[in-house]
Amino acid sequence: MAERLTDIGPPHYEKFLPPIVKENYGKWLYHEVLKPGVMVHVSESGAKLFTIRAGSPRLISTEKIRNYADLAEKYCGGHLRFTSRHNVEFLLTDEKNIDPLIKDLADLGHPVGGIGNAISSIVHTQGWVHCHSAATDASGVVKAVMDDLNEYFTSTKLPGKLRIALACCLNMCGAVHCSDIAILGIHRRPPKVNHDTLRKMCEIPSVSASCPTAAIRPATVNGNPSVEVLEDRCMFCANCYTVCPSMPLNDPLNDGISIWIGGKVSNARHEPMFSKLAIPFIPNNPPRWPEVTTAIRNIVELWAANANKYERMGEWIERIGWPKFFKMSGIEFQKEHIDDFKHAGLTFKRSTHITF
Amino acid sequence: MAERLTDIGPPHYEKFLPPIVKENYGKWLYHEVLKPGVMVHVSESGAKLFTIRAGSPRLISTEKIRNYADLAEKYCGGHLRFTSRHNVEFLLTDEKNIDPLIKDLADLGHPVGGIGNAISSIVHTQGWVHCHSAATDASGVVKAVMDDLNEYFTSTKLPGKLRIALACCLNMCGAVHCSDIAILGIHRRPPKVNHDTLRKMCEIPSVSASCPTAAIRPATVNGNPSVEVLEDRCMFCANCYTVCPSMPLNDPLNDGISIWIGGKVSNARHEPMFSKLAIPFIPNNPPRWPEVTTAIRNIVELWAANANKYERMGEWIERIGWPKFFKMSGIEFQKEHIDDFKHAGLTFKRSTHITF
Amino acid sequence: MADQLPNTPILDELEKGTWPSFVKEIKLAAKNSPMSRDLLGLLEQSYEEKIGHWKHGGIVGVMGYGGGVIGRYSDLPEKYPNVSHFHTIRINQPSGWFYTSEALRTLCDIWDKHGSGLTNMHGSTGDIVFLGCRTEALEPIFSELTEAGFDLGGSGSDVRTPSCCVGPARCEWACYDTLALTYDLTMHYQDELHRPAFPYKFKFKMSGCPNDCVASIARSDMSIIGIWRDDIQINHDEVTKYAEGGMNIQRDVVGNCPGKCMDWDGKELKIENSYCRHCMHCINVMTKALRPGKDRGACVLLGSKAPIVEGALLSSVLIPFWKPKPPYTDLKDMVERMHDVWCEEGKARERIGEFIQRVGLGNFLEECEIDIAPEMVAHPRENPYIFYEEYYEEDDGEEDEDGE
Amino acid sequence: MADQLPNTPILDELEKGTWPSFVKEIKLAAKNSPMSRDLLGLLEQSYEEKIGHWKHGGIVGVMGYGGGVIGRYSDLPEKYPNVSHFHTIRINQPSGWFYTSEALRTLCDIWDKHGSGLTNMHGSTGDIVFLGCRTEALEPIFSELTEAGFDLGGSGSDVRTPSCCVGPARCEWACYDTLALTYDLTMHYQDELHRPAFPYKFKFKMSGCPNDCVASIARSDMSIIGIWRDDIQINHDEVTKYAEGGMNIQRDVVGNCPGKCMDWDGKELKIENSYCRHCMHCINVMTKALRPGKDRGACVLLGSKAPIVEGALLSSVLIPFWKPKPPYTDLKDMVERMHDVWCEEGKARERIGEFIQRVGLGNFLEECEIDIAPEMVAHPRENPYIFYEEYYEEDDGEEDEDGE
Ligand code: SRM
Ligand code: SRM
Ligand code: SRM
Ligand code: SRM
Ligand code: SF4
Ligand code: SF4
Ligand code: SF4
Ligand code: SF4
Ligand code: SF4
Ligand code: SF4
Ligand code: SF4
Ligand code: SF4
């Protein structure tokens with residue numbers, strides 16, 4: 001057997017770059033969006049590179065990957081890439097191949113779009129498919145929402161980019177905290193301590209220390225060392241569960257989804273912003289989470305109808321003010337919306353800049 | 001002797017309102033600034049009320065008050081008022097009296113001004129004249145600064161209003177925290193514990209509890225109960241001294257002045273803002289604090305030369321960015337400028353919105 | 001008399017210059033007052049040594065009052081015996097700081113008789129401050145003051161002397177009667193003002209419009225700021241005159257509007273009032289053309305204070321729009337509920353703004369039975385650490401939610 | 001084979017609709033993989049019961065590596081024996097996510113042989129994620145992967161797989177070579193990537209310009225974002241064409257400039273570059289007319305992360321302008337100093353951003369020997385609680401200051 005290879009790192013990217021990219025690396029001059037999901041980059045040399053972006057569920061089979069590989073071979077010399085939002089991009093040099101490729105992709109069930117003032121794929125996480133922490137599923141919610149919003153993926157009729165992300169628990173692997181719309185799985189009941197396993201599997205001091213609100217304290221239960229949870233103090237972050245498997249928070253009745261809006265990442269115009277709570281709780285309603293898709297559609301359409309050109313969700317709401325957003329959207333403003341964490345005071349309205 | 005009167009409250013304000021005010025109460029239509037320190041309010045009835053505002057050192061003798069009373073009788077029926085920034089205002093109905101009054105005020109040594117885009121009097125506190133906490137004097141610094149900036153009181157050539165305030169210690173009785181320019185007395189050495197008096201005059205638990213950084217802890221000193229100060233943890237707030245006289249921080253060598261800028265109170269255009277640290281330390285240099293007056297003049301002139309019309313100090317700096325302000329002013333950016341208190345992280349630059 | 005003044009070469013430097021001199025004022029007072037003469041000496045020494053010479057004040061006051069006097073003693077009583085006691089008296093000013101010459105002279109007479117002859121017109125809370133007298137003088141001064149119709153202001157952990165902008169007395173923008181409300185509250189809280197019973201001080205400040213000319217949003221636990229909720233009144237002829245007069249309406253008015261709700265096509269000024277933030281800028285700049293609307297009232301905000309100990313706070317919105325109507329019972333009832341909660345649960349030296357930060361605004365509102373409104377926050381929470389209070393029970397139908 | 005698929009009436013609903021279906025993908029994989037068939041069954045049960053059926057993962061991995069594999073076990077191993085183990089493998093993607101068809105097929109071959117046939121292309125950190133295999137399969141997969149030139153990515157408290165935007169490979173705005181830097185850092189930190197030794201994870205993300213197409217400012221402990229410092233390049237002819245083409249330059253370009261540094265008089269577009277904030281908006285909108293300047297480099301920011309435990313953070317400026325030059329020794333040296341300080345003083349599970357908040361940015365910079373710059377803060381401190389470190393000693397001349 002050959003010597004065991006370790007620490008070789010990933011393949012060098014140059015091995016995978018298409019020739020046109022190698023030739024024009026760093027020499028691109030400008031780009032234009034030709035139609036939804038299709039753009040051209042023009043090089044200082046005059047070379048033109050056509051990109052076709054197709055939506056992906058991200059959770060894909062090897063068979064699908066082989067399909068992509070076949071298409072790349074058929075249309076663009078066996079070169080393709082994926083994007084930071086998990087779409088697949090085909091890099092064409094021959095403009096004539098655009099429409100045939102789009103047709104083949106359609107046959108495979110993959111819409112082309114997501115470029116320009118559009119919704120792109122939803123960055124998301126594992127959910128019930130693979131994670132122990134999930135307060136909701138990931139792929140299913142994403143599928144339901146994208147089915148509903150597909151028209152905004154395959155067109156560029158929105159005022160600006162719209163980035164949706166989903167994380168199935170507060171760990172936020174989808175890093176949803178700076179999204180135009182964030183779908184966040186949440187627990188609403190404190191951990192149910194499994195006293196039997198806890199003393200074997202977890203260190204009591206680190207479990208207690210893990211709680212940001214000091215809701216957990218060591219206690220003797222049935223004569224054995226364990227912990228107790230001061231339920232009033234728990235805000236369901238599940239950090240204790242991450243540290244100790246004997247503190248599960250999953251609860252089919254009370255787990256669900258919260259919706260957060262108005263975040264952004266890019267520095268374009270406004271500095272990056274965190275998303276803010278719009279809807280505190282929607283129960284899990286698989287397989288199609290209709291309350292979630294409806295809520296999101298309403299928000300998207302409200303924004304689309306009222307925002308100025310290029311105005312991202314958060315920029316629009318900042319201009320009109322949150323009270324106006326609540327009024328226009330019909331979403332009820334509740335106690336949950338008021339921040340009570342560390343920097344809460346800074347979110348209070350410290351002026352009379354009020355609209356009526 | 002008559003029955004002892006208590007809880008009678010202040011005189012009813014109506015007793016002191018001039019007739020023209022009573023008649024036009026709530027009926028004013030508009031006002032215009034006629035010249036520095038002089039404005040007219042016109043009523044729906046057509047009545048005109050001329051206001052003349054004179055600068056005051058605030059710390060005034062009964063003799064000066066009597067002078068004011070005489071002038072009010074001479075020119076406006078014995079009516080006058082003071083402003084929220086401690087200036088005195090004469091309320092005239094006869095336009096012809098304006099110039100003679102200004103002349104009489106000049107003879108008394110009181111400049112007329114402070115209306116419109118001008119500096120008004122410096123809101124300030126007691127300093128060495130009356131307070132035990134003072135890290136600098138109040139009246140003396142104010143006098144030195146206003147002597148230097150008088151031209152901006154008696155003209156309206158500034159881009160917008162400029163509000164300076166002074167507080168002689170961190171208690172900030174002058175509420176300087178939202179001023180265009182704040183002059184703030186500061187200590188730089190920890191309290192010097194007087195162990196002998198402490199145990200008689202103060203409660204050790206409340207002294208320890210008073211410290212926001214937990215720098216004070218109970219200790220036995222020379223066999224007696226007292227406290228010790230962890231000097232590294234002290235940020236010189238003097239809250240312990242407020243609670244306990246045996247913890248004085250005053251130190252002639254190290255007390256001095258810090259300068260804070262860019263705050264505002266009004267809701268005009270920008271929401272109210274806190275002032276931010278510009279100059280961490282200037283030693284006390286009585287009687288005229290020349291380093292302080294120079295520093296302030298430089299900041300004022302920089303703003304005056306560069307701000308847009310109506311742009312307050314903080315609005316201007318927000319537009320150009322603080323790094324630019326430091327560059328333009330020549331003030332060195334130091335460790336002290338970086339926030340390290342509770343909400344410090346929120347003051348970090350969380351974008352690439354940088355100027356070069 | 002001049003020869004009796006101490007030698008003050010350092011302070012004398014501050015008699016020079018164009019701004020009126022407080023040193024001159026002290027010298028004026030010193031003509032008749034040995035206290036002011038000793039003050040001059042003491043202050044000169046402070047200027048020389050760069051340190052104050054006052055001790056922590058003891059508790060002094062007038063009979064039956066817990067506030068209104070700040071005790072002050074010099075730490076050099078042998079050298080300056082006339083300022084060994086040097087207490088200040090806070091006297092509640094009339095609303096809007098209006099006086100007659102006669103009233104001022106009455107105050108001066110009292111003070112010349114018993115004190116240093118030095119004053120602050122006014123203190124930064126708003127009181128008339130009589131600066132420097134002996135303990136024995138307090139009762140006589142108090143009785144002469146009340147005789148003349150004046151009373152003491154606040155100090156210590158009580159309601160502090162309320163103050164207000166000139167408001168409808170001289171300002172066209174006043175959206176409610178600041179003087180009337182200030183007087184009414186002052187009278188209503190006489191007991192709370194004179195007899196400290198709170199965890200810490202509580203200040204009211206009343207401004208007639210969002211220009212906030214008493215800095216209430218920065219300096220008072222309860223800030224009551226005038227506002228309107230209908231359309232800004234426009235006089236189009238006057239707009240035209242401003243334009244003709246050379247005003248750059250686009251850049252200086254429209255361009256500065258934080259609501260981005262103004263439009264100027266070179267002829268007509270339009271305001272989309274539903275997006276107006278009531279900042280006052282356009283009105284401030286075009287005084288003859290624009291006025292606040294007619295449906296006027298006030299926004300009530302809560303919680304500002306200086307930095308000690310948790311950091312400075314600005315007041316934040318509590319009631320977006322309140323119609324002040326004497327005797328203001330609705331406001332007083334609410335304040336009473338808030339004071340009750342704060343007195344019950346607040347820690348010593350915890351201002352109400354700090355208290356709210358500690359217990360959470362939502363909880364505070366609930367306990368005080370105040371309706372929640374989106375106007376209270378700049379934006380909803382950014383962190384997902386929500387204390388959900390409702391949840392389903394095992395045996396619930398899926399529809400009902402259960403409180404804890 | 002179809003009859004072997006479990007009955008999944010609920011999941012089947014998610015085969016409908018226009019968006020590509022992950023259920024279809026699982027079924028595709030299930031054709032050949034018993035694991036994917038059991039996954040279907042397990043997932044159907046989750047959909048029915050509204051709860052996940054996975055247990056906390058134990059520590060599994062490949063020999064000599066501490067990261068790269070996420071252990072996962074079902075809590076219903078009897079019912080779904082083929083997913084009793086269902087570990088994922090993180091494979092370090094090539095910079096910019098470029099592949100050849102051939103490379104992809106090689107990966108598929110390995111995975112079809114040993115795993116579920118399901119993947120994420122890609123995980124949200126950027127790795128290729130192989131979703132579901134048994135412990136015994138890990139070593140064989142690893143050896144076949146390395147044979148094919150691939151290696152594992154990070155997991156646990158280590159350097160995580162760095163990722164970057166497409167950069168100069170296809171984007172005209174790339175201000176530095178994101179792919180080259182990413183590859184170089186990945187190779188440089190192989191040991192840190194594979195053998196967790198930090199208090200917590202550490203992520204690098206590289207974006208070529210302030211549009212930040214890998215969301216680095218929100219999702220990486222070190223965010224390296226391209227920027228320029230000279231003037232924006234203007235092609236005036238193209239500006240004119242945009243205007244003629246109907247673009248409302250005043251409203252949509254100038255009006256959206258956060259630096260308020262653009263001027264359009266209907267003919268010429270002027271930019272006061274010294275006030276430009278490098279936000280990219282004008283360039284984004286007028287792709288043919290405007291380009292970043294020629295003096296290009298990167299802004300290095302530090303500290304972003306998801307909310308657990310102290311609340312989410314965005315990265316903040318560490319080095320306003322850095323000229324990336326291979327082998328990037330200056331950057332690596334600085335990162336090493338930072339890692340040393342963080343490893344020494346950081347608490348377990350404390351990300352570097354949280355660590356800085358705890359010890360103070362000023363102190364952190366000092367310890368790491370990084371120059372302080374005003375660009376690091378949005379504004380200077382507002383509170384007066386300054387830890388002054390310099391003071392005069394009794395016997396000093398007035399001029400010198402003394403460190404403690
Ligand atoms: C391919 C991709 C980079 C990659 O290496 O994978 C990419 C590529 C481009 N981005 Fe991006 N961006 C990509 C993710 C992002 C992200 C990250 C994300 O979404 O998680 C952002 C930050 C999003 C945010 O702010 O929340 C992002 C913010 C932008 C912006 C700023 C938009 C704005 O107004 O805020 C632009 C400029 C524009 O579109 O005008 C931009 C522009 C572009 C351009 C036009 C750059 C160019 O000249 O090639 C590329 C095509 C535009 C498009 O998709 O509309 N790209 N872009 C990513 C495609 C993801 C996808 O499949 O949809
Ligand atoms: C007399 C006084 C109220 C009182 O009851 O005593 C007053 C009176 C007026 N203020 Fe004021 N303001 C007075 C303190 C304030 C304060 C409080 C303070 O300075 O501590 C503020 C908030 C300051 C801040 O934001 O830091 C204040 C912010 C304004 C503004 C907003 C200016 C801005 O652009 O931010 C206006 C509007 C304007 O001037 O255009 C205004 C406008 C006015 C008008 C024009 C209102 C009117 O129509 O009568 C009055 C004369 C203007 C002037 O002085 O330029 N007043 N004004 C106060 C005079 C103090 C003094 O002696 O200088
Ligand atoms: C006289 C006055 C300053 C002046 O020269 O104008 C003053 C003087 C003192 N203030 Fe003040 N405060 C005065 C207005 C203020 C203000 C401004 C305001 O009310 O608008 C503030 C900031 C606003 C606020 O309330 O937060 C203010 C915030 C403080 C604080 C900090 C309170 C806090 O919560 O942060 C203290 C410390 C304390 O209460 O222990 C304090 C404490 C003091 C004491 C009593 C010193 C002490 O620790 O015992 C000072 C007595 C000085 C003396 O010997 O005469 N003073 N104090 C002001 C009252 C005059 C009046 O009644 O009109
Ligand atoms: C697979 C992946 C989600 C996905 O579907 O894409 C993922 C999955 C998990 N993440 Fe994550 N994280 C993933 C990207 C992220 C990201 C996004 C990013 O890197 O851009 C974040 C937010 C950014 C950040 O780092 O803060 C993220 C923040 C977390 C956290 C919270 C960390 C924090 O400091 O707040 C945890 C909790 C922990 O570390 O204990 C976590 C923990 C986990 C664990 C290991 C669960 C746990 O507690 O042990 C998840 C394993 C799921 C599973 O069974 O497969 N994951 N995790 C992503 C990694 C794929 C890849 O390597 O490409
Ligand atoms: S967000 Fe939570 S549940 Fe979802 S993959 Fe990450 S750790 Fe697991
Ligand atoms: S879920 Fe969070 S808040 Fe609740 S007990 Fe666990 S660690 Fe504490
Ligand atoms: S600011 Fe400080 S020193 Fe000045 S009067 Fe107030 S408490 Fe005294
Ligand atoms: S001055 Fe402030 S920080 Fe220093 S010991 Fe006293 S209370 Fe603590
Ligand atoms: S606050 Fe408003 S109403 Fe009161 S004086 Fe100032 S401008 Fe006039
Ligand atoms: S008051 Fe302020 S927000 Fe309202 S229209 Fe005028 S400038 Fe705009
Ligand atoms: S971050 Fe900038 S350089 Fe990189 S792909 Fe996006 S737009 Fe291009
Ligand atoms: S990059 Fe942004 S800040 Fe700079 S000129 Fe263009 S729009 Fe203005």
Side-chain angles (χ1 to χ4, degrees), chain A residues 5-11 13 16-17 21 25-26 28-31 41 57-66 69 72-73 78 80-82 84 109-110 123 128 132 134 139-140 143 146-147 150 171-175 177-178 212 239 245 250 252 265-269 272 284 286-287 309, chain D residues 10 13-14 17-20 22 25 28-29 46-47 49-52 54 56 92 94-101 104-105 108 111-112 117 120-121 124 146 149 151 168-170 172 179 186-187 190 210-215 217-219 252 256 258 279-281 287-288 306 308-309 312 314:
Chain A
L5 292 171
T6 65
D7 300 299
I8 61 166
Y13 56 93
F16 299 145
L17 298 180
V21 164
Y25 198 87
W28 302 105
L29 194 58
Y30 67 90
H31 78 277
H41 282 78
R58 190 183 82 127
L59 199 181
I60 54 180
S61 60
T62 46
E63 183 159 335
K64 181 57 58 62
I65 299 176
R66 290 179 205 271
E73 239 152 34
L80 82 179
R81 72 179 292 268
F82 294 84
S84 63
H110 287 259
V123 166
W128 294 332
H132 63 290
S139 312
K143 164 79 172 136
M146 285 307 286
D147 275 347
N150 195 41
N171 281 338
M172 286 203 192
C173 295
H177 54 294
C178 297
N239 198 44
N250 295 343
V265 165
S266 82
N267 286 277
R269 300 168 307 283
N284 276 324
K309 197 162 178 186
Chain D
I10 310 182
E13 285 298 313
L14 290 170
T18 48
W19 192 250
F22 73 101
E25 297 296 323
L28 279 178
S46 284
Y47 267 63
E49 298 172 355
K50 303 185 191 174
I51 193 162
W54 301 107
H56 239 266
N92 201 327
S95 292
W97 300 290
F98 282 92
Y99 297 91
T100 56
S101 300
L104 287 178
R105 289 189 193 114
C108 291
W111 192 229
D112 282 341
N120 290 144
M121 291 299 275
S124 60
T146 48
D151 197 350
R170 200 200 50 202
E172 68 269 34
L179 288 78
T186 308
M187 296 312 288
Q190 281 296 300
N211 281 330
D212 198 2
C213 293
V214 283
I217 202 166
R219 299 169 65 167
D252 293 339
N256 277 320
C279 84
M280 290 296 297
H281 176 71
T287 56
K288 288 181 164 179
I308 302 292
V309 181
L314 283 160

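A, B, ... follow the sequence lines: proteins, then strands. Residue 1 opens every chain.
Per-residue counts of heavy-atom pairs under 4.5 Å with chain D were compared for M172(A), K64(A), K143(A); the largest is that of K143(A). Per-residue heavy-atom pair counts under 4.5 Å with chain D were compared for L29(A), N150(A), V123(A), and the maximum is reached by L29(A). Between chain A and the residues W111(D), W19(D), W97(D), the most heavy-atom pairs under 4.5 angstrom are made by W19(D). Contact tally against chain A (heavy-atom pairs below 4.5 Å) for S46(D), A29(D), C213(D): the top residue is S46(D). Taking chain A as the reference chain and counting heavy-atom pairs below 4.5 Å, the highest number among I308(D), N211(D), D212(D) is found for I308(D). Chain A forms the most heavy-atom pairs under 4.5 Å with one residue out of T287(D), L314(D), N92(D), N120(D), and that residue is N120(D). The most heavy-atom pairs under 4.5 Å with chain A, out of D252(D), L179(D), V309(D), come from L179(D). Chosen from H177(A), K309(A), R269(A), M146(A), the residue pairing most often with chain D at heavy-atom distances under 4.5 Å is R269(A). For chain D, the option among P287(A), P286(A), G26(A) with the highest count of heavy-atom pairs below 4.5 Å is P287(A). Interface check for chain A: of the options S124(D), S95(D), C108(D), P94(D), the most heavy-atom pairs under 4.5 Å are formed by C108(D).
Across every non-hydrogen atom of E73(A) and S101(D), the tightest pair is OE2-CB, 3.6 Å. I217(D) approaches V265(A) most closely through the heavy-atom pair CG2-O, 3.8 Å. The two atoms that bring A306(D) and N171(A) nearest to each other are CB-O, 3.2 Å, heavy atoms only. Considering every non-hydrogen atom in both E172(D) and W28(A), the closest pair reads CB-O, 3.2 Å.
Note that CD of E63(A) is 4.5 Å distant from CG of L28(D), once rounded to the nearest 0.5 Å. Note that CD1 of I65(A) and CZ of R105(D) are 12.0 Å apart. Values are rounded to the nearest 0.5 Å. Atom CG of N284(A) sits about 9.5 Å away from atom OH of Y47(D), to the nearest 0.5 Å. To the nearest 0.5 Å, atoms CZ (F22(D)) and CD1 (I60(A)) are separated by 14.0 Å. The OG1 atom of T18(D) sits 5.0 Å away from atom CG of D147(A), with the distance rounded to the nearest 0.5 Å.
Side-chain atoms of P57(A) and E25(D), non-hydrogen and from C-beta on, do get closer than 4.5 Å to each other. K50(D) has its side chain within reach of W128(A): a pair of non-hydrogen atoms, C-beta onward, lies under 4.5 Å apart.
Only the side chain of T186(D) has a heavy atom closer than 4.5 Å to any heavy atom of chain A. Heavy-atom distances place both the backbone and the side chain of M121(D) under 4.5 Å from chain A. Proximity to chain A (any heavy atom under 4.5 Å) is restricted, for E49(D), to the backbone atoms N, CA, C and O. Within the 4.5 angstrom heavy-atom criterion, only side-chain atoms of H41(A), from C-beta onward, approach chain D.
Between the side chain of N267(A) and the backbone N or O of C279(D), no donor-acceptor pair lies under 3.5 Å.
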